[in-house]
Amino acid sequence: MMRALLVQSAQHILGRFGKDSDLRRHGLKIAARGGKNAKKRAATAVARKLSVLLHRLWITAEAYEPLRNSTPKEKVA
């Protein structure tokens, strides 16, 4: 049941309503490679990363930062 919930969460993250985050960018990069099962592989990879992230946040009790590993985009005035 947990695996199914993680995959559903990953599919939501990768879907059109998913907010911008490191997980989404990672999954979209995998899906962009193309191939027959690219979206399935991307959802599985994001689900695995999500499980590792959730476990780490649970152990350390840190706050979640969606764009932790990404460089911030500069705003153009």
The side chain to side chain contact (heavy atoms under 4.5 Å, CB included) partner of Lys49 among Leu23, Thr44, Asp22 is Leu23
Work out which heavy atom in Ala10 is nearest to a heavy atom in Ala47; give both atom names and the distance.
CB-N, 3.6 Å
Among His26, Arg25, Arg24, whose side chain to side chain contact (heavy atoms under 4.5 Å, CB included) with Leu28 holds?
Arg24
Among the clusters formed by ILVMFWY side chains lying less than 4.5 Å apart, do Val7 and Ile13 turn up in the same one?
no
Considering non-hydrogen atoms only, spot the tightest contact between Ala42 and Gly27 and give its length.
CB-O, 3.4 Å
With a 4.5 Å cut-off on side-chain heavy-atom distances among I, L, V, M, F, W and Y, is there a chain of contacts connecting Leu14 to Leu54?
yes
Side-chain heavy atoms under 4.5 angstrom apart, residues restricted to Ile, Leu, Val, Met, Phe, Trp, Tyr: same cluster for Leu57 and Leu50?
yes
If you take all heavy atoms of Ala43 and Gln11, which pair is closest and at what distance?
CB-CG, 4.1 Å
Cluster overlap Met2 with Leu53, hydrophobic side-chain contacts below 4.5 Å:
yes
